[in-house]
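Everything below concerns the one structure shown next.
Just so you know, these numbers come straight off a predicted model, no measurement behind them. Atoms within each ligand, like the ligands themselves, are counted from 1 in listed order. Heavy-atom basis, side chains included; hydrogens, waters and symmetry copies ignored. In this chain, numbering begins with 1 at the start of the sequence shown.
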Amino acid sequence: MSTSLQGKHIILGITGGIAAYKSVVLLRLLVKAGADVQVVITPNGKEFITPVTLSALSGKPVVSEFFTANSGEWHSHVDLGLWADAMVVAPATASSIAKMANGVADNMLITTYLSAKAPVFVAPAMDLDMMAHPSTTRNIELLRSYGNHIIEPAAGELASHLVGKGRMEEPENIVAVLESFFAKSESLSGRRILITAGPTIERIDPVRYISNFSSGKMGYAIAEEAAARGAEVTLVSGPVDLRPRHSRIRLVKVESAIEMLRACEEAFPACDTAIMSAAVADYAPSEPYTCKIKRERDGVDSIALRKNPDIAATLGAIKTPGQRLVGFALETDNAIDNGAEKLARKHLDMIVVNSLADSGAGFGTDTNKVTLLFADGRPAEAFSLKSKADVAKDILDAVERL
Ligand code: CTP
């Protein structure tokens, strides 16, 4: 049977929980699906399952310590991190999740996690009270915010005989998650995508500017997801506190709308698709001061503004029949009507409408709630409130269908 896991390098991280016995089945299934698996186990994990079983099944010595005691051979977590196409931590105990979330690098599994360039999947397993504790919830949210994939624990009878949420997802389902991930990882292969993100800032003088509250999170999430699906991404970003993780993302940093326009005009002709998620400042000071404005000396009581170029509309005017252009509309009222108007006016193929009236949607949050409108007359698609990483998936699924 050929699967998308064929030949993939997988690090299987095992931590110290009862569910470690299921990791043996998981390892068997991964190897059966054609994956090349390297097991990394925590010192506690070895209390639950022996390295002998794991090395026999994976065909490789199990890595657990920073070096081999008798030979002194150093195990490089950096090399492992680079080797992997994916890392799966299953089971992930509350303690290991906390260490991963906070960078407590006191064992080989955590250092490997911190060095991993590849996507990381985490399958929590613990008692229901630990699972429900705010500290666990917060740590899992932190992992999600790093772009890690959480394979939610199932509800059922736990080792403690309590019944609730905390049981590690069944190995068959973990393998299915990985298979669908790798199957998807090819879906945008060979495609070039231009993405704008973040705010632009327009200088008033050397110390002041006009801008907006955009955090860039939505655009960066789309860039990560597009790269994970195999696309070559050019991310033109205004000033934000984020940095891209995927090696297929080329970051072009800009400050103003004019700089963003130039970067887009340069990149767009070689791209198949452009996704304009930046919150471009509509106006800029017409004549920025070259020296700091002094309150007493200059007595400024107004700043003359000029209109910034509309980057999406500029690309809409030059796009070729083979190119697709996607815009965003963040609205406070009449969201769908305003979105539809922008879709037509800017010659977009699709527009992602979100409304500040929906709590959890819009600037700065880690979640968003969007409706997609299409130029070709197909019906609008409305989605529920989701993490921005999941919204990015919905947007790219729709882009793939354009
Ligand atoms: N956009 C752009 N360049 C601009 C303004 C907007 O590329 N100067 C893009 C945004 O990235 C987004 C879409 O156009 O994809 C809509 O942005 P928005 O600010 O909602 O639209 P505006 O045309 O500025 O309309 P509004 O009057 O609502 O601000």
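Nearest to atom 7 (O) of ligand 1 among the protein's heavy atoms is Ala312 N, 2.8 Å. Among protein heavy atoms, the minimum distance from atom 16 (C) of ligand 1 is reached at Phe328 O, 2.8 Å. Looking from atom 18 (P) of ligand 1 to the surrounding protein, the closest heavy atom is Lys342 NZ, 3.6 Å. Considering only non-hydrogen protein atoms, atom 4 (C) of ligand 1 sits nearest to Val280 CB, 3.5 Å. Looking only at heavy atoms of the protein, atom 14 (O) of ligand 1 is closest to Lys346 NZ, 2.9 Å. The closest protein non-hydrogen atom to atom 29 (O) of ligand 1 is Asp282 OD2, 2.9 Å. Closest to atom 3 (N) of ligand 1 among all protein heavy atoms lies Ile311 N, 3.0 Å. Considering only non-hydrogen protein atoms, atom 8 (N) of ligand 1 sits nearest to Pro309 O, 2.8 Å.
Checked for salt-bridge contact, Glu152 and Arg144 meet the test: a charged N lies under 4.0 Å from a carboxylate O. Ion pairing between a basic and an acidic side chain is recognised when a charged N comes within 4.0 Å of a carboxylate O; Asp310 and Lys346 show such pairing. Classification of Glu170 and Lys22 as a salt-bridged pair holds, one side-chain N sitting under 4.0 Å from a carboxylate O. Between Glu225 and Lys388, no side-chain nitrogen of the basic residue sits less than 4.0 Å from a carboxylate oxygen of the acidic one, so the salt-bridge criterion is not met. In summary, Asp272 and Arg324 do not engage in a salt bridge, as defined by a charged side-chain N under 4.0 Å from a carboxylate O. A salt bridge is defined here as a Lys NZ or Arg NE, NH1 or NH2 lying under 4.0 Å from an Asp or Glu carboxylate O, and Glu65 with Lys46 meets this definition. Residues Lys60 and Asp36 are paired through a salt bridge, judged by an N-O separation under 4.0 Å between the basic side chain and the carboxylate. Between Arg229 and Asp397 a salt bridge is recorded (basic side-chain N to carboxylate O distance below 4.0 Å).
Annotation: cation-pi pair Lys8/Phe182 present, NZ/CZ under 6.0 Å from the ring centroid and within 45° of its normal.
Residue Arg345 places a heavy atom under 4.0 Å from ligand 1. Within the 4.0 Å heavy-atom shell around ligand 1 one does not find Asn308. Heavy atoms of Cys264 come nearer than 4.0 angstrom to ligand 1 in no pair at all. Within the structure, ligand 1 has Ala278 among the residues with a heavy atom less than 4.0 angstrom away.
Screening Glu287, Glu255, Glu259 for a salt bridge (charged side-chain N to carboxylate O under 4.0 Å, His left out) with Arg203, the sole residue that qualifies is Glu255.
At least one N or O atom of Met276 sits closer than 3.5 Å to an N or O atom of ligand 1.
Distances from atom 22 (P) of ligand 1 to the protein include at least one heavy-atom value under 4.0 Å.
Residue Gly327 has at least one heavy-atom neighbour below 4.0 Å for each of these atoms of ligand 1: 15 (O).
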